[in-house]
Amino acid sequence: MDKVKALLIDVSYEDDENNSVLKIFVKDKNEGCWVYDNSFHPYFYAIFYDEKEIEKIRGMKFGEEKFSVLEIKETKMTAQGKKAHKVVFRKVSHLVQARKDFHDIGIKRFEYDVPFSKRYLFDNALEPGNFVEMEIEEVKTPKGKLYETKKGALRREIKSINKIDGDFFENAVVGAFDLETWSGKKFEVGAEPILMASVVSDNEKKVYSYETKKVKGMEMLADEKELVDTVTKKINEFDFIVTYNGDNFDFPYMKKRADKLKTKFLINGEEIRVKRHGLDNAVELEGKQHIDAYQIMKLLQRTGSVNTVKLDLESVSEKVFGVYKEKVFPSEINDAWKSGDAKKLTRLVDYNLKDSEVTYKIAKDFLPLFIEISKLTSQTLADTTRATTSQMVEDLLMKEAHLRCVIAPNKPHEGDVKTRTENPIKGAFVKEPMAGLHEQIAVLDFASLYPSIIISHNISPETLNCSHAECKKNVSSDGTYFCTKEKGLFPEIIERMLKQRLKLKAEYKKKKKEKGTDDKILFAKQWALKIILNSVYGYLGYARARWYSRECASAVTAWARGYIQETIKHAEKEGFKVLYGDTDSTFLLMNKKTKKEVEEFAEKVNKTLPDTMELEIDGFYKRGLFVTKREGGAAKKRYALIDEKGNLKIVGFEYVRRDWCNAAKETQKKVIELVLSQGNPEEAVKFVRKTIEELKSGAMPKKELAIMTLLQREPKDYDSIGPHVAAAEKAIARGKQLGVGSMLSFIITKGNEKASISDKAELEEFVEEGNYDANYYIENQVLPAVIRIMQELGYSREDLLQGGKQTGLSAWG
DNA sequence: ATACCGTAGGACGACT
DNA sequence: AGTCGTCCTACGGTAT
């Protein structure tokens with residue numbers, strides 16, 4: 001028997017005649033292989049009345065195959081406080097049939113929908129991305145079915161398995177590929193040939209093509225078939241195959257072309273699997289991890305880690321890596337390849353290569369983060385990169401619950417999901433600000449407010465309204481109370497993660513300070529914890545969550561509202577004026593008070609708070625601006641601050657919104673800057689006038705006028721046809737492919753006086769330079785963006801306009 | 001996840 | 001019949 005240590009990469013199973021056999025793909029230094037675990041079988045949990053019922057089930061035959069359960073075992077696991085039995089099956093398909101039958105007989109079942117391979121990872125607390133230590137035996141399979149290994153026709157079987165902690169990312173080979181294809185009239189996956197492909201990995205960078213002219217950096221192949229075969233061979237050398245939108249494009253495309261060209265597109269000897277994943281696809285590979293970097297970017301955008309308007313590789317390259325990347329459009333690709341023009345082809349080769357390079361770089365930079373999430377949740381990297389944050393929390397909870405012998409609650413029925421969704425939970429408190437310009441502002445906020453409340457008040461579904469009389473003191477303003485004697489699942493996990501994160505952050509900082517090194521792994525570890533910690537509260541209120549708890553989620557926000565309101569009261573008692581507050585932050589007007597006094601105030605508050613909660617000082621600002629709403633009262637969630645160094649912080653205003661044109665946004669920013677840093681409204685007025693003049697002259701470039709809006713549904717599904725929908729409809733009529741999720745960039749063009757804004761909206765690409773409605777951009781973009789700011793300083797609309805007496809506005813443009 | 005802001009469209013009645 | 005202002009709804013996007 002061999003002892004083996006190797007990197008855990010994938011987990012799957014295969015069916016033989018009698019059994020579903022679990023297998024994992026591991027890799028030691030050079031070689032990867034499948035190893036099988038015969039001891040692990042599919043199962044779910046059930047609660048039985050008595051032994052008689054169990055005997056009855058043991059004797060029962062299920063399904064068309066007339067199979068019986070493999071065994072029913074007692075466990076230490078509990079569900080709803082009751083001891084559960086494990087009901088074990090030979091095959092996954094048996095489990096699927098039997099879980100229906102169990103339900104029909106009225107037996108309570110649990111965790112019956114946990115996929116077999118996921119089950120294996122949870123039960124053994126294995127962590128993909130970490131090493132595993134195994135005892136392995138090489139055997140000939142009884143049926144004579146042989147499994148090729150390096151040593152011969154033997155199958156490797158696991159006798160024991162454990163994870164080993166460490167950072168082993170270096171042991172995996174990462175490589176990216178990208179295809180350029182011929183664009184036909186109508187797009188259909190695989191309909192047209194692949195013209196070019198690039199492959200970028202740790203070891204090499206290649207661009208392949210055929211038939212066209214050979215240019216520098218291009219490797220010439222005989223034909224498309226050889227291209228497909230070459231790429232197939234190359235990417236089979238990788239452990240992590242990275243694409244950009246390979247779930248929906250590159251992989252399905254390769255498969256289709258391989259079929260057409262009568263060749264094979266196999267990864268590890270197996271066909272790729274295209275699985276439905278919500279609304280789009282996920283491509284799964286055997287024994288390798290397909291990392292779709294586009295999914296990574298989507299997740300980073302959701303968690304607010306990156307903020308780009310579009311998620312195409314050009315925007316990502318520029319916004320995330322600070323490197324300009326040229327876009328080559330489909331028609332140019334066709335042209336370059338067909339013409340064989342050396343200049344055009346060189347540009348295409350470069351484009352194709354950069355696509356793979358950026359894709360590869362996304363993986364290199366962000367995979368450490370996902371590997372850490374993978375370890376925390378015991379999921380494969382491929383699944384982690386496609387998971388929502390709620391799924392991550394749920395996976396973490398299932399893993400941790402299992403270690404505590406707790407069975408997960410079942411997923412809610414659709415009916416419950418509906419009632420949950422229809423009854424939203426009261427959220428945070430936002431204090432109405434004082435409009436106007438303010439000096440010397442201190443901003444305080446609670447560190448990790450929701451997680452710290454969950455820990456402090458021991459908020460968890462099992463600790464809710466416990467039977468102890470003394471716990472009734474730990475009561476929320478909702479009237480719900482939580483046990484103070486036994487720590488709940490949620491607080492326990494969160495507390496551990498919060499402490500761990502602080503430790504990691506300190507370690508990271510120390511290393512940076514002392515050695516000057518930027519330890520990416522340490523950073524990724526704390527980042528992974530941050531993402532999950534920030535998602536726990538959302539999970540409690542997520543309608544599809546197994547551990548959904550309206551009471552818990554509601555208690556968290558109730559306490560949060562209480563704490564911020566108490567802080568505001570406290571500050572006022574100490575002689576501060578409270579300018580504003582939102583959820584966990586409080587803005588104080590210092591008014592002659594010193595920074596030290598603010599610090600002392602924070603200290604005082606902290607003495608009144610539970611140990612795990614902390615009010616921190618976010619910063620001091622020289623000036624701040626809040627504005628009046630159109631309908632009166634001061635606007636919440638919109639303000640601008642400037643610190644002592646002159647750094648501007650603009651929140652909520654048009655400047656930070658994508659659905660306003662650049663001309664308006666930049667003018668607004670300039671106005672804010674002039675007002676806040678120099679207290680110079682006259683200069684601001686001049687600047688506004690300058691922009692207006694430029695608009696009137698007709699010389700404003702169209703890229704300054706484009707308005708970005710996401711098409712959130714199919715055009716026909718809109719009740720109200722706004723400008724972006726109108727622009728989309730016109731573009732579709734011209735043959736442009738648009739649908740849900742398309743980012744639209746449109747311009748309000750010149751038109752007759754009666755036309756509505758929608759009538760004049762056209763996608764940017766169909767608009768000539770200079771064709772814009774100056775009146776619209778002045779009246780509906782620039783002026784609204786600056787007017788409410790200037791109003792706070794006593795300026796009117798007329799003051800902003802040259803001369804102040806404008807007659808026929810429609811004369812413009 | 002909830003809280004919040006602001007635009008454009010569209011219905012409606014008053015007025016010309 | 002056309003125009004104008006008011007009120008409401010639909011919609012997108014942001015803060016935390």
Side-chain angles (χ1 to χ4, degrees), chain A residues 301-304 307 309 388-390 393 420-421 423-433 443 445-451 534-545 548-550 552-554 556-558 560-561 564 580-587 618 626-641 649-661 664-665 668 707-713 715 717-728 740-741 743-744 746 748 753-761 776 779-781 783-785 787-788:
Chain A
Q301 187 153 61
R302 277 206 304 280
T303 58
N307 185 15
V309 172
T388 62
T389 50
S390 284
V393 173
R420 288 174 181 185
T421 315
N423 294 292
I425 291 152
K426 193 171 170 195
F429 168 74
V430 188
K431 179 182 160 52
E432 183 176 322
V443 177
D445 55 16
F446 285 95
S448 304
L449 179 64
Y450 289 179
N534 283 342
S535 311
V536 174
Y537 160 72
Y539 176 82
L540 276 171
Y542 169 55
R544 293 182 186 281
Y548 171 90
S549 169
R550 187 166 217 291
C552 289
S554 178
V556 173
T557 53
R561 291 191 299 272
I564 186 179
Y580 176 60
D582 185 348
T583 312
D584 57 358
S585 66
T586 312
F587 290 41
D618 166 77
F626 286 81
V627 299
T628 309
K629 283 189 290 185
R630 190 156 56 153
E631 341 212 316
K636 298 169 174 180
K637 297 181 190 285
R638 330 191 107 199
Y639 58 87
L641 298 171
K649 184 174 168 166
I650 301 177
V651 178
F653 279 126
E654 286 78 2
Y655 177 69
V656 300
R657 298 176 63 91
R658 69 157 100 95
D659 55 351
W660 282 74
C661 75
K665 295 200 290 186
Q668 181 181 60
I707 298 162
M708 303 278 215
T709 309
L710 189 67
L711 195 61
Q712 303 226 51
R713 50 182 89 161
D717 296 335
Y718 282 92
D719 289 331
S720 164
I721 308 298
H724 74 294
V725 186
V740 178
M743 182 59 71
L744 308 175
F746 65 91
I748 305 306
E753 225 172 310
K754 292 278 168 67
S756 71
I757 296 168
S758 291
D759 292 337
K760 291 183 277 188
Y776 168 83
E779 291 293 325
N780 298 35
Q781 290 276 324
L783 284 178
I787 210 145
R788 277 193 280 283

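Just so it is clear: chains get the letters A, B, ... in the order the sequence lines come, proteins before strands, and each one is counted from 1. Quantities reported herein were computed from a predicted structural model and do not represent experimental measurements.
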Rounding to an integer number of Å, can you tell me how far [X] [atom1] sits from [N] [atom2]?
| X | N | atom1 | atom2 | result |
| --- | --- | --- | --- | --- |
| Ile757(A) | dG6(B) | CD1 | P | 17 Å |
| Asp759(A) | dG10(B) | CG | C1' | 13 Å |
| Asn534(A) | dA1(B) | CG | P | 15 Å |
| Lys760(A) | dG9(B) | NZ | C1' | 14 Å |
| Glu654(A) | dC4(B) | CD | P | 18 Å |
| Asn423(A) | dT2(B) | CG | C1' | 14 Å |
| Ile748(A) | dG9(B) | CD1 | C1' | 13 Å |

Donor-acceptor contact below 3.5 Å, side chain Arg561(A) vs main chain Gly427(A): yes

Sugar-phosphate or base contact per nucleotide [nucleotides 10-16 of chain C; S, B, -; heavy atom under 4.0 Å]: SSBBSBS

For a 4.5 angstrom cut-off between non-hydrogen side-chain atoms, does [X] reach [Y]?
| X | Y | result |
| --- | --- | --- |
| Leu711(A) | Tyr718(A) | yes |
| Pro723(A) | Phe746(A) | yes |
| Tyr450(A) | Asn534(A) | no |

Phosphate contact (dA8(B) OP1 or OP2) by Asn780(A) side-chain N/O below 4.0 Å: yes

Side-chain N,O (Ser756(A)) to OP1/OP2 (dA8(B)) below 4.0 Å: no

For [X], which contact category applies under a 4.0 Å heavy-atom criterion: base, sugar-phosphate, or nothing?
| X | result |
| --- | --- |
| Arg420(A) | nothing |
| Tyr542(A) | sugar-phosphate |
| Ile721(A) | sugar-phosphate |

Ion pair check, Lys636(A) and Asp582(A), cut-off under 4.0 Å: no

Residue Lys629(A), side-chain heavy atoms: nucleotide from dA3(B), dC5(B), dA8(B) that is nearest: dC5(B)

Step-by-step side chain to side chain contact (heavy atoms under 4.5 Å, CB included) determination, Thr586(A) to Ile564(A): CA-CA 8 Å; Thr586(A) 312; Ile564(A) 186 179; 4.1 Å; yes

Non-hydrogen atoms of Asn423(A) and Arg550(A) that approach each other most closely: O-NH2, 2.9 Å

